[in-house]
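When reading the values below, keep in mind they use all heavy atoms of this one structure, side chains included, and skip hydrogens, waters and symmetry mates. Below, read A as the first sequence line, B as the second, and so on, with proteins coming before strands; counting in each chain starts at 1. Just so it is clear, the model here is predicted, and its values are computed rather than measured.
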Protein chains: 2
Amino acid sequence: MQEERADAARNRKAILEAADDLFATSDSPSEVSMDDIARAAGVGKGTLFRRFGDRRNLIQQVYAVRLAPLREQIESGPPPLGPDTPPRERVSAIIDAIAVVKLDNAHLMLALEEGSGPTNGLHKSPDYVAVHGLLRDLVASKFGKSRASWIAHSLLANIRADLLGHLVKGEGMSHSDIRLSLRDFVAHTLDY
Amino acid sequence: MQEERADAARNRKAILEAADDLFATSDSPSEVSMDDIARAAGVGKGTLFRRFGDRRNLIQQVYAVRLAPLREQIESGPPPLGPDTPPRERVSAIIDAIAVVKLDNAHLMLALEEGSGPTNGLHKSPDYVAVHGLLRDLVASKFGKSRASWIAHSLLANIRADLLGHLVKGEGMSHSDIRLSLRDFVAHTLDY
DNA sequence: TGACAATCGGACCATCGGTCCGTATTCTGA
DNA sequence: TCAGAATACGGACCGATGGTCCGATTGTCA
């Protein structure tokens, strides 16, 4: 892999920032077109697509930036998110942390989960697979292996972006209401 | 409201059938265009859109037809789905029945939930609201009122079309595997 | 049967994601 | 420092899609 040219790097950054900003300030992610992003970034459309391939990938990159801190915390941070945490607490902390990120970045997360498209696949995305796998392993000792997988899916289903968005905008729940209810639910799911 | 003209009625039926068939036989709902449906129904595009307004509504109508039997069972059928059923069992039966419908009509259900679009809203669709409300009321006596709402969302989150689709196609679970796991989960959620 | 209203149908439109290629910029190494 | 190769740029362009419009057609009712 060659070194990235200076203008290329500059443009990549500009695109990422423009996209992040546009998604964050628009009502619905689908209202943000690739042309919009290119224009906002002061870049040609060709550049945008050469860098990121397609819309889905661009969204994922933006998402990855926002998610990096959490990912790092989980992979190698201190308790309660890091590896040196008893499974039960760690699962709870991870679910809560993901919920917080999604609540704080509702727009982006919606864009990602909405990405659907033909060859759909929230459940096939690397991020989902990774966190599902982690959760599954964490609860596997307590529940059976197959049950563990189900439980992991179930926990994640409760913090899908559109559901959280509905709870906030449609039912007027506050972020802390949601986190509290979620905590109860997780506790009830994990503790016999 | 005037009587519907004969040709109008005929065309509505043709469109509904064509759409149902196309969604059922295509891999991904988004591969089925409105032109495809119009052509398959032997009808002009204008007719299609005058009858159904937009894509989302058409899909919902098709969905409504498929769902009618279940809806009727729940509203006025015999136990375990109908009103003369103890809440606990009724909830369980309803969740199972919905799961079965979704598993049997994966394509259509995907089309519906994917419908997303700008003014998104699985959680705002009449069907979701109705079933959520029913479940909420059914569990309200046992749990608090606000917890009841959360639990209803949670139960429904576990039987979302894309999740079920992933379990089948991505993890190779059989329909009965899924129903069994789901039964366990519902039981665990509802029984202390 | 005639005449009016409702319906039909497909050409047409705007927009979107994505591609292409002539031009401009950056890098290299002598 | 500079020339030439390599790479990136950008916007015109493309095919497809959801949705609209309006002259032609068909059903209805007296």
Donor-acceptor contact below 3.5 Å, side chain [X] vs main chain [Y]:
X: A:K142; Y: A:L190; result: yes
X: A:D20; Y: A:L16; result: no
X: A:T47; Y: A:V43; result: no
X: A:S181; Y: A:D177; result: yes

Side-chain donor-acceptor pairs under 3.5 Å in residues 92-100 of chain B, sequence neighbours left out?
| residue | atom | partner | partner atom | Å |
| --- | --- | --- | --- | --- |
| B:D96 | OD1 | B:R179 | NE | 2.9 |
| B:D96 | OD2 | B:R179 | NH2 | 2.8 |

For [X] and [N], give me the distance from atom [atom1] to atom [atom2], rounded to whole Å.
X: A:M34; N: D:dG11; atom1: CE; atom2: P; answer: 16 Å
X: B:L48; N: D:dG19; atom1: CG; atom2: C1'; answer: 11 Å
X: A:N57; N: C:dG17; atom1: CG; atom2: P; answer: 15 Å
X: B:R51; N: D:dG19; atom1: CZ; atom2: C1'; answer: 16 Å
X: A:R10; N: D:dT7; atom1: CZ; atom2: P; answer: 18 Å

Look at all strands and tell whether A:R12 reaches a base, only sugar-phosphate, or nothing, counting heavy atoms closer than 4.0 Å.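 Nothing, no heavy atom under 4.0 Å.
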
Sugar-phosphate, base or nothing in reach of B:T47, heavy atoms under 4.0 Å: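 Result for B:T47 = base.
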
For the pair B:H153 and B:H132, name the ring-plane relationship: parallel under 30°, tilted 30 to 60°, perpendicular over 60°.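 Parallel.
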
Using the test side-chain contact (heavy atoms from CB on, under 4.5 Å), find all partners of B:Y63 that sit at least two apart in sequence or belong to another chain.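 In terms of side-chain contact (heavy atoms from CB on, under 4.5 Å), with neighbours along the sequence ignored, B:Y63 is linked to B:L67, B:M109, B:L112, B:D127.
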
B:N11 vs B:D35, nearer the 5' end of DNA chain C by closest nucleotide: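 Comparing both residues, the 5'-ward one is B:N11.
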
Contact list for DNA chain D against residues 37-46 of chain B - heavy-atom distance below 4.0 Å: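 Of all residues in residues 37-46 of chain B, the ones placing a heavy atom under 4.0 Å from DNA chain D are B:K45, B:G46.
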
Counting only non-hydrogen atoms, which of residues 15-27 of chain B are less than 4.0 Å from DNA chain C?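 Those residues: none at all.
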
If the threshold is 4.0 Å, N to carboxylate O, is there a salt bridge linking A:R66 and A:D104?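 Salt bridge between A:R66 and A:D104, a charged N being under 4.0 Å from a carboxylate O: no.
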
So that I can tick it off, tell me whether B:R5 and B:D7 are bridged by a salt bridge, with the cut-off set at under 4.0 angstrom between side-chain N and carboxylate O.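 Yes, charged N to carboxylate O under 4.0 Å.
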
Is B:R50 near enough to D:dC21 that one of its side-chain N or O atoms lies under 4.0 angstrom from OP1 or OP2?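 Indeed not, no polar side-chain atom of B:R50 lies that close.
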
Could you work out which one of D:dT20, C:dT7, C:dG17 sits closest to the side chain of B:F49?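 Minimum distance to the B:F49 side chain belongs to D:dT20.
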
Less than 3.5 Å apart, which donor and acceptor atoms pair up between the side chains of residues 72-84 of chain B and the rest of the protein, not counting sequence neighbours?
| residue | atom | partner | partner atom | Å |
| --- | --- | --- | --- | --- |
| B:S76 | OG | B:E72 | O | 3.4 |

A:R39 and A:D36: salt bridge (charged side-chain N to carboxylate O under 4.0 Å, His left out), yes or no, with the steps? CA-CA 5 Å; A:R39 208 177 317 124; A:D36 291 339; 3.7 Å; yes

Dump the pairs, protein N or O against N or O of nucleotides 28-30 of chain D, anything under 3.5 Å, distances to one decimal.
| residue | atom | partner | partner atom | Å |
| --- | --- | --- | --- | --- |
| D:dT28 | OP1 | B:A6 | N | 3.2 |

